[in-house]
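Scroll down for the structure; my scribbles are underneath it.
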Amino acid sequence: MININGNLKPNLLLLFVTLVLCLSVLCVPAAAIGEKEMSLQEAIQWGLENNYDLNMIRNSIIELERSLEIINAGKSFQIDLNVTPILHFGKDGSSNQNNEYLVEFNKSSLTPTTETSLTATKQFPANLSLSTELSWEMDSLYKEDYSDLTEKINASLRINKKIYPDSWSENEKQIYSIENSLKNKLEELKWKQTEKQIEVIRDYLNIVRLQEQVDIAEERRYLAEEELERVKKQIELGEGGYQQEAEAQIALEEAKGNLLNIEQNLIRNKKSLYLILNLPENYNIVFGKDIDFIAELYLKMKNMKFEDENKEILFQKALEENYQIKNSYLEKEELVKELEWTEEEGKPKLSLSGGYQFPADWFVMVDFSVNLADGGIQQIKEEQKENNIKQKEASISYLTEQLKIEAEHLLDQDEYNLLYLNTQLMALEKEQNKMEILEKQYQQGIINKTQLINARLVIEEKEIKVEQAKDEWLIGHLQLAHFIGFLQEKI
């Protein structure tokens with residue numbers, strides 16, 4: 001008889017522990033595994049590298065750089081080999097021309113007769129180009145005697161130089177246009193990066209304040225529930241009426257609704273911030289713990305004063321640093337260049353070329369051309385380019401006035417934010433002084449505990465308003481400093 005009772009209990013215990021561990025792992029949400037917390041500074045850096053709008057600009061920059069690489073690669077020697085196999089059918093040409101048939105195959109076909117050409121071209125600065133071509137025909141790929149091959153070779157070497165007008169080549173025009181577009185995008189990226197940092201800080205502070213408001217709203221709901229229970233007990237004792245109960249019930253519903261509204265607003269703001277940062281699902285920002293970074297930033301902005309500066313000087317700085325103005329002037333320069341190129345198209349053209357034709361033929365050519373009549377096309381083209389320049393100048397003037405108005409608004413808003421902050425500080429001080437009186441009244445039994453707690457919540461709300469006012473001043477000052485050009489690329 002086999003005894004299994006001694007090993008059965010340990011095995012069952014081991015099986016049970018293994019099952020519990022497996023269930024525990026399966027019950028843990030996937031997002032909680034490998035979850036990473038981020039500070040505000042880490043979130044800002046992540047946003048700079050992963051924000052969708054910024055990456056769209058970076059992709060445009062990459063495309064422009066790639067276009068420049070393609071054009072620059074075209075400046076080197078371009079060498080092409082062309083092989084055309086030909087198969088002859090019927091009689092040869094000496095017997096009957098009408099009975100000879102030629103059938104051309106594609107370049108990969110293997111045929112008795114083959115035409116081959118090798119060409120090389122090279123573009124140089126100053127409208128100078130070099131081209132060479134070597135071509136020959138082989139009667140048969142299988143012939144053993146190649147002594148007559150040189151008699152069938154055609155070779156040429158040619159140099160071209162455009163003398164007048166001394167205008168830019170098409171490649172140079174393309175490079176100029178692409179480089180201008182690249183400068184525009186780089187300026188825009190630099191500007192938008194600073195804007196995005198300010199936006200992230202603003203949203204972060206807004207979420208912190210909403211979390212604080214949620215705490216107060218929960219406390220108010222709790223007090224409303226207590227008040228409703230107190231009123232019900234009074235009614236049971238015959239010391240209250242149903243009017244008081246209805247009022248307490250309404251107050252509770254209002255507290256619940258206020259809490260729900262703040263919580264939903266908090267969720268929306270978090271989703272919006274995470275979308276701006278383009279954060280993965282397993283990344284979370286720790287809100288409310290970056291006190292030192294915010295305090296340092298606040299002190300930095302506090303030392304950056306604009307009220308003592310001359311407004312005209314500030315406006316001029318804003319215009320000099322604004323990326324839209326910079327890009328508009330670059331676009332105007334390009335339009336002026338296009339007008340010059342268009343005017344040169346209508347001028348007489350003179351070019352010089354020379355070279356060598358194998359076996360012994362040197363040549364020099366002078367090419368002169370002039371358009372005697374075009375029905376007014378050239379004049380229309382020039383007028384169109386001139387009109388484009390005038391429109392761009394009008395656009396710059398309009399943009400300048402817009403930016404001046406925006407600068408005035410930011411300066412005025414900065415002044416108002418400071419006044420509003422001082423007002424909230426005075427309101428907080430008033431409530432704090434009032435609280436001292438209420439605490440004495442509570443000790444004397446004049447007011448109850450609920451009234452005292454409500455008074456403390458009012459002070460907490462005033463403190464949040466003070467912090468919100470500080471946040472608004474900080475963000476407004478950052479926006480003003482950025483607009484005038486006082487901020488570096490990274491805050």
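All values reported here derive from a predicted model rather than from experimental measurement.
Side chain of Gln379 to backbone of Gly376: no donor-acceptor contact under 3.5 angstrom is found. Using modelled atom types, one side-chain atom of Ser76 and one backbone atom of Ala73 make a donor-acceptor pair closer than 3.5 Å. For Gln451 (side chain) and Asn448 (main-chain N/O), a donor-acceptor pair under 3.5 Å exists by modelled atom type. Remark: the backbone N or O of Ile276 is paired with a side-chain donor or acceptor of Asn51 at under 3.5 angstrom. Formation of a donor-acceptor pair under 3.5 Å by the Asn59 side chain with backbone atoms of Asn55 is found in this model. In this structure, Tyr274 contributes its side chain and Ile285 its backbone to a donor-acceptor pair below 3.5 Å. Between the side chain of Tyr442 and the main chain of Ile437, no donor-acceptor pair closer than 3.5 Å is present. A distance-only check finds no donor-acceptor pair linking the side chain of Ser395 to the backbone of Gln391 [under 3.5 Å]. In terms of modelled atom types and a separation under 3.5 Å, the side chain of Thr423 and the main chain of Leu419 share a donor-acceptor contact. Checked by atom type and distance alone, the side chain of Asn454 pairs as donor or acceptor with a backbone atom of Thr450 at under 3.5 Å.
Within 6.0 Å of CD in Gln234 there are more than 12 heavy atoms belonging to other residues, nucleotides or ligands. Atom CE of Met56 has 12 or fewer heavy atoms from other residues, nucleotides or ligands within 6.0 Å. Within 6.0 Å of NZ on Lys349 lie more than 12 heavy atoms contributed by other residues, nucleotides or ligands. Heavy-atom neighbours of Tyr222 OH from other residues, nucleotides or ligands within 6.0 Å: at or below the threshold of 12. In the displayed structure, Glu218 atom CD is contacted under 6.0 Å by more than 12 heavy atoms of other residues, nucleotides or ligands.
Taking CG from Leu480 and CG from Leu411, the interatomic distance works out to 5.0 Å, rounded to the nearest 0.5 Å. Distance check, rounded to the nearest 0.5 Å: CG of Leu189 to CD1 of Ile57 gives 5.5 Å. The line from CD of Glu382 to CD of Glu345 is 9.0 Å long, rounded to the nearest 0.5 Å. The distance from the CZ atom of Phe486 to the CE atom of Met301 is 10.5 Å, given to the nearest 0.5 Å. We find the CD-CD distance between Gln413 and Gln479 to be 9.0 Å, quoted to the nearest 0.5 Å. The CG atom of Leu478 lies 8.5 Å from the CH2 atom of Trp473; values are rounded to the nearest 0.5 Å.
Salt bridge status for Glu461 with Arg220: present, with a side-chain N to carboxylate O gap under 4.0 Å. Note on Lys347 versus Glu344: no salt bridge recorded, every NZ/NE/NH1/NH2 to OD/OE distance being 4.0 Å or above. Checked for salt-bridge contact, Glu227 and Arg230 meet the test: a charged N lies under 4.0 Å from a carboxylate O. Electrostatic pairing of Lys462 and Glu431 does not count as a salt bridge here, judged by no charged N lying under 4.0 Å from a carboxylate O. Electrostatic pairing of Lys173 and Glu170 counts as a salt bridge here, judged by a charged N lying under 4.0 Å from a carboxylate O. Electrostatic pairing of Glu393 and Lys390 does not count as a salt bridge here, judged by no charged N lying under 4.0 Å from a carboxylate O. By the 4.0 Å N-to-carboxylate-O rule, Glu187 lies too far from Lys190 to be salt-bridged with it. Under a 4.0 Å N-O distance rule, the pair Glu188/Lys185 qualifies as a salt bridge. A salt bridge between Glu195 and Lys192 is present, with a side-chain N of the basic residue lying under 4.0 Å from a carboxylate O of the acidic one.
The shortest non-hydrogen separation linking Leu48 to Leu54 is O-CD1, 3.8 Å. A pairwise comparison of heavy atoms in Leu438 and Ile447 identifies O-CD1, 3.4 Å as the closest pair. Nearest heavy atom pair, residue Gln378 against residue Thr342, reads NE2-O, 2.5 Å. Considering all non-hydrogen atoms of both residues, Asn388 and Leu335 come closest at O-CD1, 3.6 Å. Closest approach of Tyr176 to Lys337, counting heavy atoms only: OH-CG, 3.6 Å. Nearest heavy-atom pair, Ala469 versus Gln424, reported as atom, atom and distance to 0.1 Å: CB-CG, 4.2 Å.
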Exercise. Kindly indicate, with the supporting measurements, whether the criterion side chain to side chain contact (heavy atoms under 4.5 Å, CB included) is fulfilled by Leu421 and Asn417.
Key: CA-CA 6 Å; Leu421 173 58; Asn417 288 341; over 6 Å; no
Practice problem: Please test Ile294 against Val208 for side chain to side chain contact (heavy atoms under 4.5 Å, CB included), starting from the C-alpha separation and ending with a verdict. | Solution: CA-CA 12 Å; Ile294 297 297; Val208 171; over 6 Å; no
Exercise. Using the ring pair (Phe, Tyr, Trp, His ring centres under 6.0 Å) rule, take Tyr298 and His477 through it: C-alpha gap first, then chi angles, then the decisive distance, then the call.
Key: CA-CA 9 Å; Tyr298 186 86; His477 216 65; 9.2 Å; no
Exercise. Before giving the answer on side chain to side chain contact (heavy atoms under 4.5 Å, CB included), spell out for Lys470 and Leu205 the whole-Å C-alpha distance, their side-chain angles and the decisive distance to 0.1 Å.
Key: CA-CA 10 Å; Lys470 286 182 178 180; Leu205 291 174; over 6 Å; no
Practice problem: Go through Gln45 and Glu49 one step at a time and tell me if the side-chain hydrogen bond (donor to acceptor under 3.5 Å, both in side chains) criterion holds. | Solution: CA-CA 6 Å; Gln45 185 60 38; Glu49 295 172 0; 2.8 Å; yes
Quiz item: Can Glu245 and Leu228 be said to form a side chain to side chain contact (heavy atoms under 4.5 Å, CB included), step by step?
Solution: CA-CA 7 Å; Glu245 183 181 7; Leu228 179 60; 4.1 Å; yes
Self-check item: salt bridge (charged side-chain N to carboxylate O under 4.0 Å, His left out) evaluation trace for Glu199 with Lys196
Solution: CA-CA 5 Å; Glu199 185 180 351; Lys196 200 61 66 176; 3.4 Å; yes
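You'll find the side chain of Lys162 reaches within 4.5 Å of the side chain of Ser167, heavy atoms only. Considering only heavy atoms from C-beta on, Ser129 stays 4.5 Å or farther from Lys122 through its side chain. Put simply, the side chain of Ile267 reaches to within 4.5 Å of the side chain of Lys271, judged on heavy atoms. Residues Gln213 and Gln468 have side chains in contact (heavy-atom distance under 4.5 Å, counting atoms from C-beta outward). Side-chain contact between Val231 and Ile235 is present, with at least one heavy-atom pair separated by less than 4.5 Å. Counting only heavy atoms from C-beta outward, the side chains of Trp191 and Gln324 never approach each other to under 4.5 Å. Proximity of Asp215 to Gln211: side-chain heavy atoms (C-beta onward) are nowhere separated by under 4.5 Å. Side-chain contact between Lys430 and Met426 is absent, with no heavy atoms from C-beta onward closer than 4.5 Å.
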Just list the side-chain donor-acceptor pairs under 3.5 Å for residues 248-263, sequence neighbours left out, or say none.
unit_1 : atom_1 : unit_2 : atom_2 : d
Gln249 : NE2    : Glu253 : OE2    : 3.2

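The aromatic rings of Trp168 and Trp341 are tilted relative to each other, their planes meeting at an angle between 30° and 60°.
The only member of Val200, Asn50, Asp203 that meets side chain to side chain contact (heavy atoms under 4.5 Å, CB included) when paired with Leu277 is Val200.
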